[in-house]
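Naming: A, B, ... by sequence-line order, numbering from 1 per chain.
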Amino acid sequence: MMTRVIVQNTRLLVYLSCLLGWLVVGGVGSPAIAGATESGSSISAGDTAWILTSSALVLAMTAPGLALFYGGMVRSKNVLGTMMHSFISLCVVSVVWVLWGYSLAFAPDIGGIIGSLEWFGLMGVGPEPTEGSTIPHFAFMVFQLMFAVITVALITGSFAERMKFSAFLLFAVLWATFIYSPLAHWVWGGGWLGELGALDFAGGTVVHISSGVSALACALVLGQRHGYGKEAMAPHNLPFTVIGACLLWFGWFGFNAGSALAANGIAASAFVTTNTATAAAALSWLVVEWVYRGKPTILGAASGAVAGLVAITPAAGFVGPLSSLWIGIGAGALCYAAVLWKNKFGYDDSLDVLGIHGIGGTWGAIATGLFASVGGGTGLFFGNPAQVGIQLVAVAATWVFALVGTFILLKVVDGIIGLRVQKDEEILGLDLSQHNERAYTLL
Amino acid sequence: MKLVEAIIKPFKLDEVKDALIELGVQGMTVTEVKGFGRQKGHKETYRGTEYQIDFVPKIKIEVAIPDNLEQRVLETIARAAKTGSIGDGKIFVSNLDSVIRIRTGETGEGAI
């Protein structure tokens with residue numbers, strides 16, 4: 001046994017050294033760094049400061065925000081494994097993005113479908129701004145990196161408490177590469193949806209529909225947790241979840257207002273609509289559950305707030321404050337209903353990623369087509385009915401691509417290493433079975 | 001000597017403790033426990049999903065007392081822990097054969 005462990009570790013070391021060697025050789029003389037010339041005249045100090053700050057804010061959404069939000073909702077035996085999913089998404093996607101993810105999403109377009117590998121390893125990406133931009137290319141790249149990170153981390157809520165850590169690692173790499181990068185390219189990187197005129201201010205389709213729908217695929221492929229529907233699977237630490245929701249709200253100002261890509265009026269407008277929709281959605285969820293179930297809950301308020309953040313994301317820079325109020329109210333009620341429907345259908349989306357991100361994102365994308373009135377967008381209520389149609393195309397394309405794509409990736413990972421932990425490991429909990437650690441100790 | 005184990009509602013702990021100290025009880029051990037009696041469990045709702053929680057959080061107080069205090073201790077706990085509603089708890093009394101104070105090696109009632 002001991003020898004086997006050592007042999008495995010040695011093999012791992014060999015792999016790592018090869019990877020390291022390749023990186024050193026491949027990365028020598030990256031022209032981006034070498035060519036760091038001062039073409040600074042078009043760089044705006046204010047815009048750059050805001051986007052760098054926003055990038056850090058969006059990082060805080062994943063870790064610690066989402067790590068706490070999800071970590072509090074699982075049982076105490078799985079809290080470390082669950083927090084690790086968010087934390088390791090940050091690490092894995094950061095590396096993938098710098099190596100090839102950013103290039104696939106944003107490098108010069110190939111047929112409206114995908115970016116080229118021209119910017120592999122950030123070759124050609126540097127401190128100077130791209131054409132028409134007022135911020136360093138690096139700042140844009142790292143801002144987009146944080147979006148890719150949280151999208152992968154969001155999905156992990158659906159397979160919480162039962163996925164193998166090794167399978168999650170491989171899945172994260174594949175999903176960021178084959179689902180996220182193409183989708184980001186379609187909408188923001190010069191791809192076909194952007195060309196079509198789909199409005200997505202900060203990632204309603206790219207981030208939220210894609211993660212929510214992929215979460216459904218995960219729940220369907222992995223199957224229910226052992227004891228689902230029979231045992232109580234109540235959250236073990238709701239204070240964590242509330243703090244996490246607050247950090248998500250806080251970081252989301254970077255996500256949405258930062259998506260103006262400038263420190264300007266649109267950023268301020270997005271900031272206001274984000275806050276308004278979130279507050280309205282939290283109240284809306286709270287009131288609906290109060291009427292329907294008899295008690296208002298903090299988990300409901302926190303969930304409603306996240307639903308509101310999700311729904312306003314595609315619309316943030318395109319709608320006025322009063323429209324954002326309606327978007328929030330709709331999000332809270334709709335997502336609460338979606339979370340209840342889950343019980344009727346029987347799939348085990350552990351932490352309701354589909355119910356909140358998939359449904360909230362879909363509502364937000366459609367609502368953008370209804371309420372858009374500022375920042376270059378015009379929706380149905382302001383005389384442009386065609387926009388709703390375009391939004392529906394974007395929604396449908398994202399649903400189909402994410403659902404089918406994720407399904408295929410999961411089958412691939414299942415074939416290579418298997419997705420689920422053994423039944424006894426699941427009963428023991430992921431913290432001990434996957435990581436040999438325990439969150440809470442007595443004495 | 002008697003060993004008294006009282007299972008009470010958690011928010012009643014301070015009242016019971018103060019009343020016992022007033023009686024002259026010198027020490028006690030408190031544990032957070034879970035259990036159910038005729039009250040059974042209760043239901044909790046998270047995101048609209050209802051869970052039956054069988055084991056309800058309670059506090060267990062353990063007190064070792066000389067025989068002459070027994071009646072008053074039991075009455076005091078019963079009075080201080082009572083709310084009148086279901087789930088107020090139980091008091092178990094058993095004989096205590098011996099007690100040793102570890103520091104001095106004293107035994108019997110003097111060690112309580």
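Of the atoms belonging to A/Met233, heavy atoms from both backbone and side chain fall under 4.5 Å from chain B. Residue A/Tyr292 does not touch chain B at all, counting heavy-atom pairs closer than 4.5 Å. Looking at A/Ile356, the atoms closer than 4.5 Å to chain B (heavy atoms on both sides) all sit in the side chain, from C-beta outward.
Counting heavy atoms from C-beta outward, B/Arg47 and A/Leu299 have side chains that approach closer than 4.5 Å.
Heavy-atom pairs under 4.5 Å with chain B were tallied for A/Met73, A/Glu289, A/Lys342; the largest tally goes to A/Met73.
For A/Leu428, the CG atom counts as densely surrounded, since its 6.0 Å shell holds more than 12 non-hydrogen atoms of other residues, nucleotides or ligands. Applying the 6.0 Å contact sphere to CZ of B/Phe92 captures more than 12 heavy atoms from other residues, nucleotides or ligands. Enclosure of atom CZ in A/Arg438 is not indicated, since only 12 or fewer non-hydrogen atoms of other residues, nucleotides or ligands lie within 6.0 angstrom.
Atoms CG and CD, from B/Asp54 and A/Glu231 in turn, are 11.0 Å apart once rounded to the nearest 0.5 Å.
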Please report the C-alpha distance between A/Leu238 and B/Tyr46 in whole Å, then the side-chain angles of each, then the deciding distance to 0.1 Å, and finally whether the side-chain contact (heavy atoms from CB on, under 4.5 Å) criterion is met. CA-CA 10 Å; A/Leu238 283 183; B/Tyr46 296 97; 3.7 Å; yes

A/Thr297 and B/Thr45: side-chain contact (heavy atoms from CB on, under 4.5 Å), yes or no, with the steps? CA-CA 9 Å; A/Thr297 67; B/Thr45 307; 5.9 Å; no

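Looking at every heavy atom in both residues, B/Gly48 comes nearest to A/Leu340 through CA-CD2, 3.6 Å.
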